[in-house]
Protein chains: 2
Amino acid sequence: MVQHREDCLRLDASDPLAPLREQFALPEGVIYLDGNSLGARPKASLARAQQVVSQEWGEQLIRSWNDAGWFALPRTLGNRVARLIGAADDEVVVTDSTSINLFKVLAAALRQQQQDAPGRRVIVSERSNFPTDLYMAEGLTRLLGDFGSAGWTLRLIDDPAQLASALDDQVAVVMLTHVHYQTGHLYDMAAVTAQVHQHGALMVWDLAHSAGAVPVDLNGANADYAIGCTYKYLNGGPGSPAFLWVPKRLQGRFEQPLSGWWGHARPFAMEPGYQPSGDVGRFLCGTQGIVSMSLVGCGLDIFEQTSMAALRQKSLALTSLFINLVETRCAGYPLQLITPRDPARRGSQVSFTHPQGFAVMQALIERGVIGDYREPQIMRFGFTPLYTRYQDVWDAVSILLDLLQTEGWNQERFHRRGAVT
Amino acid sequence: MVQHREDCLRLDASDPLAPLREQFALPEGVIYLDGNSLGARPKASLARAQQVVSQEWGEQLIRSWNDAGWFALPRTLGNRVARLIGAADDEVVVTDSTSINLFKVLAAALRQQQQDAPGRRVIVSERSNFPTDLYMAEGLTRLLGDFGSAGWTLRLIDDPAQLASALDDQVAVVMLTHVHYQTGHLYDMAAVTAQVHQHGALMVWDLAHSAGAVPVDLNGANADYAIGCTYKYLNGGPGSPAFLWVPKRLQGRFEQPLSGWWGHARPFAMEPGYQPSGDVGRFLCGTQGIVSMSLVGCGLDIFEQTSMAALRQKSLALTSLFINLVETRCAGYPLQLITPRDPARRGSQVSFTHPQGFAVMQALIERGVIGDYREPQIMRFGFTPLYTRYQDVWDAVSILLDLLQTEGWNQERFHRRGAVT
């Protein structure tokens, strides 16, 4: 039981993951609890960026597409991400953005249902899902509707508990974010996938807040499609490319419409007709931003020194400690936990609402505790076990308590800035 | 008239663009004639990469989305690209890949025709267009077809001269690459656009081999949509993000289906329903690879020290000289020019076929003359007036001549490698 800062120092001293923090470049005077938005920088990424820019691009020029492995990067990095999410070799590619990858797998899934169960025209998701997922589904179904394919509907549930009642024989696809971006709620991937399959629908998982944050077993859960992000818990760098998973059993069967030359069976034959690659490669599209993509490897290098089981253990210890310390030390202030208390249902973040949540978060950031704010009223704190210490949890709560005790929380002070975080 | 190497040295000495070469990091012992595939590295890009990685990402972390202007980059860079292609402010965004941007504008254009002329279901292009353009059109029309919207056809011409006969009242969109990737043939943008409009079709230009290579005046030509690439003549770095142009008169009218959160009118309001941005921002989709994107600015910095008119003048001088020297010095060898002799119809590259083109190009590369090879039999040489000297043209031809004189051109020597260039 942690009651003093010294307890946290002891936990850090005995933490087997503690040495990994040394591999990150963290700014002085900052407690960084926003790795769920943008992961911190692996130290190695600077030398890697220099190498890609100066040597691979500058010296080797066009030859690096082969000699430096640029063209293969989506697959070589994909195989490394695969190990973190319960996927097999040649099932994952790193490419494009999360939104675009969702469009690809959603289109492939709708095609699959169009063939197997053409009457199904409903996509189920959560109203509070990260909006881009809903927007992309809207974009695809509105396109189909505008060109005469009627009846496509987005059916949105307001709570995970409503999922069962949303499933019927009209549902083509269920599209959920495994760990909720606001609350940190974690779905039981295997149970939900089985439930969705029982109703004849396909299951698309968004792993944006899962990959590198919680153990994921896509093949074990028998999921159908998944996408995710490398710039959050995987520490790939700002806007680093996303990933996409399609299991072997579905590869080669369904096409995605962003059928660019990188997804062709013979991209360099320069044929006028599209022939999709027989494997997950058909989910590639065009030429990738190699400098950004190359840095993804630096984050993965660190993951390969530990295991998702070890990271999960520390992650839950950190989030449980944070919940406990906020609720005990900051008792009496209007902070409301919206993250599940049950560790089995929690990702690697903790969110509290506060009536002046935006202003409180701005003040925390000014004091060096970087979390982030999400509408409405949500203060979001991400805990990355690779570099977050138990003492950071203690210190963040101390600063929060100090702010709550001393500030009047006049919204005016901060809202006028109109900051976008 | 150039007859000796000294003539080229004199031309370099009096070349007003010569000092710009100093701003590029070019490897020793290399004559780089492949800037039409991957532009050379601006020296400033190394420091910029270090700054983005070390300072903006490493030190400022999540705050850089605002403070370092990351979120605004697609628009700020877009406005700079606009000046090179005859576009106005707020008409261009730098984002995603060329293939993906083509999908967006093609879908918007088909929607536009669906509303204005729903019977038109033909997309006209060139059979020898860069294949990904054809593949993306195929991907979009096959998607529509698979969901019941029948009759979409890709009508491919075999030669620019066939365009007129391909235009009729069935054509919805004409999609052409302004400068052909194999031959370097340059369309008359204004004339072709007018011709296409006369037939009631919309005009989509691919500027992959035009931007930074030849003067372009999209608004002057009254074109409808355009896309292009920053990693070729614009020297943005390997796979740096593409761009997309939509004129003011079409912005806000038609939606594209990759409707991610970056294209929302209020991306940070996190609303469940998609409301497209009222301007070119609706063509954005998801989070961008910021390290790759940031380096695009270093290439544009150099363009802003000169003009497309000055660059065009030198470009034509270089390509004309190369054609002349190959045809005179290498006369008697089976080299066949496939690039237009008419300067007005020529981009900034020159292509020759040779029966052993692949092997000859590999040998040239071994000798430090880097061009590239494209099926069938095409040796492609790109001339970037920012860093290519007249003496490079002379020396490249000297090396080519030496190879032709001394080698037997047994295909075996090179083909076994199976290199991908």
Side-chain angles (χ1 to χ4, degrees), chain A residues 25 27 32 34 37-38 41 45-46 49 53-54 57-59 61-62 66 70 97-100 103 107 111 114 127 131-132 134-136 138-140 143-144 146-149 237-241 257-261 268 270-272 274 285-292 295 370 375 419-420, chain B residues 25 27 32 34 37-38 41 45-46 49 53-54 57-59 61-62 66 70 97-100 103 107 111 114 127 131-132 134-136 138-140 143-144 146-149 237-241 257-261 268 270-272 274 285-292 295 370 375 419-420:
Chain A
Y32 192 60
D34 210 7
S37 186
L38 172 63
R41 179 170 85 76
S45 62
L46 181 58
V53 171
S54 183
W57 175 19
E59 290 291 319
L61 288 156
I62 194 71
N66 289 316
W70 287 353
S97 73
T98 314
S99 299
I100 285 170
F103 189 89
R111 268 209 167 104
Q114 180 82 354
R127 191 178 313 281
T132 208
L134 306 180
Y135 302 163
M136 295 309 290
E138 241 191 275
L140 175 58
L143 178 75
L144 299 179
D146 283 357
F147 287 88
S149 185
S240 58
L258 302 177
S259 48
W261 70 304
F268 292 94
M270 304 283 164
E271 301 165 0
Y274 185 68
C285 182
T287 305
Q288 297 294 298
I290 293 299
V291 185
S292 281
L295 305 187
I370 302 184
E375 294 292 348
V420 166
Chain B
Y32 192 60
D34 209 8
S37 185
L38 171 63
R41 180 171 86 73
S45 62
L46 181 58
V53 171
S54 182
W57 175 19
E59 289 293 318
L61 287 155
I62 194 71
N66 290 316
W70 288 352
S97 71
T98 315
S99 299
I100 285 169
F103 189 89
R111 268 207 168 105
Q114 180 83 354
R127 191 178 313 281
T132 207
L134 306 180
Y135 301 163
M136 296 309 291
E138 242 191 275
L140 175 58
L143 178 76
L144 298 179
D146 283 358
F147 287 89
S149 186
S240 58
L258 302 178
S259 48
W261 72 303
F268 293 94
M270 304 283 164
E271 301 164 0
Y274 184 69
C285 182
T287 305
Q288 297 295 298
I290 293 299
V291 185
S292 280
L295 305 187
I370 301 184
E375 294 291 348
V420 167

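Chain letters run A, B, ... following the sequence lines, proteins first, then strands; residues in each count from 1. The figures here come from the full heavy-atom set of this structure, side chains too, leaving out hydrogens, waters and symmetry mates.
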### Task
Could you pull out the closest heavy-atom pair between A:Glu375 and B:Phe268, with the gap in Å?
CG-O, 4.3 Å
### Task
Specify which of B:Gly58, B:Pro27, B:Pro238 makes the most heavy-atom pairs with chain A at under 4.5 Å.
B:Pro238
### Task
Count the heavy-atom pairs under 4.5 Å between each of A:Leu46, A:Leu134, A:Leu295 and chain B, then report the option with the highest count.
A:Leu46
### Task
With a 4.5 angstrom heavy-atom cut-off, could you sort out which part of B:Thr98 is near chain A: side chain, backbone, both or neither?
neither
### Query
Checking heavy atoms, do the side chain of B:Leu143, its backbone, both or neither come under 4.5 Å from chain A?
both
### Query
Between atom CE of B:Met136 and atom OH of A:Tyr274, what is the distance when rounded to the nearest 0.5 Å?
9.0 Å
### Within-4.5 Å side-chain heavy-atom neighbours: B:Phe103 and A:Cys285
no
### Task
Name the member of B:Ser240, B:Ser99, B:Ala25 that forms the most heavy-atom pairs with chain A at distances under 4.5 Å.
B:Ser99
### Query
So, the side chain of B:Ser149 versus the backbone of A:Gly148: is there a donor-acceptor pair under 3.5 Å, distance only?
no
### Query
At their closest point, which heavy atom of A:Pro131 faces which heavy atom of B:Met270, and how far apart are they?
CG-CA, 3.5 Å
## Note on the structure
To the nearest 0.5 Å, atom OG of A:Ser97 lies from atom CD1 of B:Ile100 at 7.0 Å
#### Entry: Selection from B:Ala107, B:Gly289, B:Ser37 maximising heavy-atom pairs under 4.5 Å formed with chain A
B:Gly289
### Main-chain N/O of A:Tyr135 paired to B:Ser259 side chain as donor or acceptor, under 3.5 Å
yes
### Partners meeting side chain to side chain donor-acceptor pair (under 3.5 Å) with A:Glu138 (sequence neighbours left out)
A:Arg142
### Message
On a heavy-atom basis, which atom in A:Trp261 and which in B:Thr132 lie closest, and how many Å separate them?
### Response
N-OG1, 2.8 Å
#### Entry: Choice from B:Pro257, B:Ala49, B:Ser45 maximising heavy atom contacts with chain A below 4.5 Å
B:Pro257
## Note on the structure
Rounding to 0.5 Å, atoms CG (B:Leu144) and CG (A:Leu144) come to a distance of 7.0 Å
#### Entry: Atom group of B:Asp146 that falls short of 4.5 Å from chain A, counting heavy atoms
both
### Query
Does any heavy atom of chain A fall under 4.5 Å from the side chain of B:Glu59, the backbone, both, or neither of them?
both
### Message
For chain A, which candidate among B:Leu140, B:Leu258, B:Ile370 shows the most heavy-atom pairs at distances under 4.5 Å?
### Response
B:Leu258
